[in-house]
2 protein chains.
Amino acid sequence: MTTSEEKRQPEITLTGCGYHRVLELISDKWTALVIYALENGSVRYGELLRKIEGISKKMLTHTVRKLERDGLVHRHITPIVPPTVEYSLTPLGESLLEPMRSLRQWIRVHDSQVMAARVNFDQTYNKDNDSPNLEDHL
Amino acid sequence: MTTSEEKRQPEITLTGCGYHRVLELISDKWTALVIYALENGSVRYGELLRKIEGISKKMLTHTVRKLERDGLVHRHITPIVPPTVEYSLTPLGESLLEPMRSLRQWIRVHDSQVMAARVNFDQTYNKDNDSPNLEDHL
DNA sequence: CGGTATCCTAAGCGATACTG
DNA sequence: CAGTATCGCTTAGGATACCG
């Protein structure tokens, strides 16, 4: 019955698409920033909190926990009082730096083109005003 | 006053981190899937809808519009009735494929390590039960 | 110091119905 | 065929306070 004119079922699924699966690891609001902060070696919790602008304790903890669960980040506790907690990339996490850097390189090269495309798009399909603030969500 | 013991301001910002800025382009739920669907050439709206499992018209439209606004996807309308709309990657969009493919390659190689890390994490910090369903959000 | 707990809002997303 | 419009849910995320 499915011989000649087979109904084609969807070929692309969330769980089957490699693009989507990596992005799940690194695409919430703060994950990329934390990885960036750990690129040059281990950093303490409080330091991360100060280095990453705008992050709250809640979100920092949430983000490093998720990274730890996925095996990308290691958490090292020195059990003194008060406690010292160092975070660092695991070898697995470091192996992800290379593909991530090529992404970053892409935006460095093409950022202006993206910006230009946005301005052009917003002008073409004019957002029903003539003196809008073009900066999106800054 | 900020000579010797300068208070160090945050070094890492959402708008300053290249990692974060690229991810903004490609990291919502369906964007990666749409790019994947367009990797081999232009595809019609209805085809995308059928090829990508679970996507709704609303989200497909939303996703391709965002991609178009960012200059990654081109929208070509053939004004007949009923209309035909083809979507394809722009040169800018195609240039993004290379770094994205290296990300995808990474997950292909390291997926099992991530999965193993998760199982290990969940067992170590046991989620207060002994027969949990380990599959997260499938 | 390095976190949790709680509450609350805003955004993302899905379902359904309607349209040129 | 290729979309909008509307509604409502569910989650991500922010603010604040408390804890070992």
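Because the structure is predicted, anything quoted here is derived from the model rather than measured. So you know, we letter chains A, B, ... as the sequences are listed, proteins then strands, and number each from 1.
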Specify whether A/Tyr87 and A/Tyr45 have parallel, tilted or perpendicular ring planes, treating 30° as the upper limit for parallel and 60° as the lower limit for perpendicular.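 Answer is tilted, since the angle falls between 30° and 60°.
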Would you call the rings of A/Trp106 and A/His110 parallel, tilted or perpendicular, where under 30° means parallel and over 60° means perpendicular?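 Aromatic pair A/Trp106/A/His110 classed parallel.
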Nearest heavy atom decides the nucleotide; on that basis, is B/Tyr45 or B/Lys58 closer to the 5' end of DNA chain D?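 Looking at the nearest nucleotide for each, B/Tyr45 comes out on the 5' side.
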Report yes if at least one side-chain N or O of [X] is closer than 4.0 Å to OP1 or OP2 of [N]; otherwise report no.
X       : N     : answer
A/Arg75 : C/dG3 : yes
B/Arg44 : D/dC1 : no
B/Tyr87 : D/dG3 : yes
A/Arg65 : C/dG2 : no

With nearest nucleotide decided by heavy atoms, which residue, B/His62 or B/Pro83, maps closer to the 5′ end of DNA chain C?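 Closest to the 5' end, via its nearest nucleotide, is B/His62.
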Length of the line joining [X]:[atom1] and [N]:[atom2], which is rounded to integer Å:
X       : N      : atom1 : atom2 : value
A/Ile55 : C/dG2  : CD1   : P     : 14 Å
B/His76 : D/dC1  : NE2   : C1'   : 15 Å
A/Lys66 : C/dG3  : NZ    : P     : 18 Å
B/Met59 : C/dG12 : CE    : C1'   : 7 Å
A/Leu23 : C/dG12 : CG    : C1'   : 16 Å
A/Glu86 : C/dC1  : CD    : P     : 13 Å
B/Leu60 : C/dT16 : CG    : C1'   : 17 Å
B/Ile80 : C/dG20 : CD1   : C1'   : 15 Å

Does OH belonging to A/Tyr36 count more than 12 external heavy atoms closer than 6.0 Å?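 Atom OH in A/Tyr36 is not packed in, count stays at 12 or less.
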With the side chain of B/Lys57 defined as its heavy atoms from C-beta on, choose the nearest nucleotide among D/dC7, D/dA2, C/dG2.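 Closest nucleotide to the B/Lys57 side chain: D/dA2.
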Counting only heavy atoms and a strict 4.0 angstrom limit, can you tell me which residues of residues 27-39 of chain A come near DNA chain D?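 Correct list: A/Asp28, A/Lys29, A/Trp30.
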Are [X] and [Y] side-chain neighbours, meaning at least one heavy-atom pair lies under 4.5 Å?
X       : Y        : result
A/Leu72 : A/Thr31  : no
B/Leu23 : A/Leu103 : yes
A/Leu14 : B/Trp30  : yes
B/Glu86 : B/Val43  : no
A/Met59 : A/Asp28  : no
A/Ile26 : A/Leu96  : yes

Would you mind reading off the bend of the helix from C/dC1-D/dG20 to C/dG20-D/dC1 from its two end axes, five pairs each, to 10 degrees?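 So the angle between the two local helix axes works out to 50°.
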Steps toward side-chain contact (heavy atoms from CB on, under 4.5 Å) verdict (B/Leu33, B/Thr63): CA-CA 10 Å; B/Leu33 294 272; B/Thr63 304; over 6 Å; no
